[in-house]
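These notes are about the structure you will find just below.
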Amino acid sequence: MSTLHIITLQRNLILIACQAHGRNLGEGNVRLKLGVVVAAIFLSLGASAAPNARFYGLSSGNASAFTASPNGSAVSILFDNLQLERANSSVPPKNPAERHFTLAASPGAKGCRATFALRGGSIALNTPRVGTIILNVEGRRATLRPEEDSWTFTVEMPLARRERTDVTVSLDLPLPAENGSALIVVDSVDVSLGKCGGKA
């Protein structure tokens, strides 16, 4: 893929994200714009899936923006404010920090393997890093434990054997140590189609 093609794709994806927000990206959404540019490079690579297997989009979900590769082999879901912060003196959060979305795919994608790449960051002050991210794909769970300020986790999961796959990303953060505080953030989830077994 040429540099010009990648730059054009990046520009188009940024315009899609702007339209999804219904307004221009402001100072508070600089990270979203950056996330779309990063996702553009990821999505332009695509994954080698079956010719008739593709993503159509999101049938439902609470994401701030959504983009897809031209051939439908990869999608990127961007989140706004999916984070959990706790201090030793704070009370537990009343509402869970989580996001739900449903991937809509072609019949040929039923049961295909998919790679989920989660990106985000974490901070721990005067306390160990003990936060976790839980990825739930149709009841299959992967528990991820960040150990760096900026992190990326890659998990392979099968899609549902129907045309819609339910996905939940949730955060958990135990009470920090005395005088400690912690923060965990998920910015985006990129999903790419992989090997398909050919069964409906």
Side-chain angles (χ1 to χ4, degrees), residues 10 13-14 17-18 20-43 58 60-67 74-103 114-157 165-192:
Q10 291 174 355
L13 289 176
I14 291 171
C18 291
H21 274 262
R23 61 182 185 277
N24 292 329
L25 289 172
E27 181 179 355
N29 289 304
V30 170
R31 188 165 60 179
L32 170 62
K33 181 176 179 180
L34 177 61
V36 174
V37 173
V38 173
I41 299 174
F42 175 85
L43 296 177
L58 294 185
S60 63
N62 48 359
S64 60
F66 164 81
T67 57
V75 296
S76 182
I77 299 94
L78 304 176
F79 300 121
D80 183 21
N81 199 35
L82 175 50
Q83 65 181 43
L84 184 59
E85 182 176 9
R86 292 194 69 182
N88 182 267
S89 59
S90 64
V91 297
K94 295 181 179 179
N95 299 316
E98 62 183 28
R99 294 290 186 275
H100 307 273
F101 59 90
T102 300
L103 294 166
T115 299
F116 293 77
L118 293 82
R119 295 178 173 83
S122 66
I123 299 175
L125 300 175
N126 300 319
T127 190
R129 292 182 192 270
V130 291
T132 57
I133 304 106
I134 300 94
L135 173 66
N136 189 318
V137 181
E138 288 291 321
R140 294 180 173 88
R141 291 164 54 96
T143 301
L144 313 171
R145 295 178 172 83
E147 297 182 355
E148 304 291 340
D149 291 348
S150 179
W151 48 263
T152 298
F153 288 107
T154 301
V155 180
E156 187 176 280
M157 292 273 197
T165 300
D166 295 324
V167 181
T168 301
V169 179
S170 56
L171 310 179
D172 181 58
L173 198 57
L175 187 67
E178 186 177 358
N179 299 321
S181 61
L183 170 70
I184 187 167
V185 180
V186 176
D187 293 319
S188 65
V189 178
D190 299 325
V191 189
S192 59

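In this chain, numbering begins with 1 at the start of the sequence shown. Everything numeric in this text was worked out from a predicted model, so none of it was measured.
In this structure, Ala182 and Leu173 approach most closely via the heavy-atom pair O-CD2, 3.5 Å. Nearest heavy atoms, Gly120 versus Asp187: CA-OD2, 3.8 Å.
Taken to the nearest 0.5 Å, the CE atom of Met157 stands 5.0 Å off from the CG atom of Leu135. A distance of 7.5 Å separates CG in Asp190 from CD1 in Ile77, rounded to the nearest 0.5 Å. Taking OG of Ser122 as the reference point, atom CD of Gln83 lies at 12.5 Å (rounded to 0.5 Å).
Side-chain contact between Thr102 and Leu58: absent, with no pair of heavy atoms (C-beta onward) separated by less than 4.5 Å.
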Anything under 3.5 Å between a donor and an acceptor, one on a side chain of residues 143-152, the other on a protein residue two or more places apart or in another chain? List them.
{"from": "Asp149", "atom 1": "OD1", "to": "Arg129", "atom 2": "NH2", "distance (Å)": "2.4"}
{"from": "Trp151", "atom 1": "NE1", "to": "Gly121", "atom 2": "O", "distance (Å)": "3.3"}

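Under a 3.5 Å cut-off, the side chain of Glu156 and the backbone N or O of Thr115 do not form any donor-acceptor pair. Side-chain atoms of Ser188 never come within 3.5 Å of backbone atoms of Arg119 as a donor-acceptor pair (strictly under, hydrogens ignored).
Counting non-hydrogen atoms of other residues, nucleotides and ligands closer than 6.0 Å to CD1 of Ile134 gives a total above 12.
Considering Thr127, Leu175, Ile184, Leu183 as possible partners of Arg86, the one that fulfils the side-chain contact (heavy atoms from CB on, under 4.5 Å) test is Leu175.
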Test Phe79 against Val189 for side chain to side chain contact (heavy atoms under 4.5 Å, CB included), laying out the working first.
CA-CA 8 Å; Phe79 300 121; Val189 178; 3.6 Å; yes
Go through it in stages, so that I can follow the logic: the residues are Leu78 and Asp80, the test is side chain to side chain contact (heavy atoms under 4.5 Å, CB included), and I'd like the CA-CA distance, side-chain angles, deciding distance and then a yes or no. CA-CA 7 Å; Leu78 304 176; Asp80 183 21; over 6 Å; no
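When the salt bridge (Lys or Arg N to Asp or Glu O under 4.0 Å) test is applied to Asp172, no partner is found at least two apart in sequence or on another chain.
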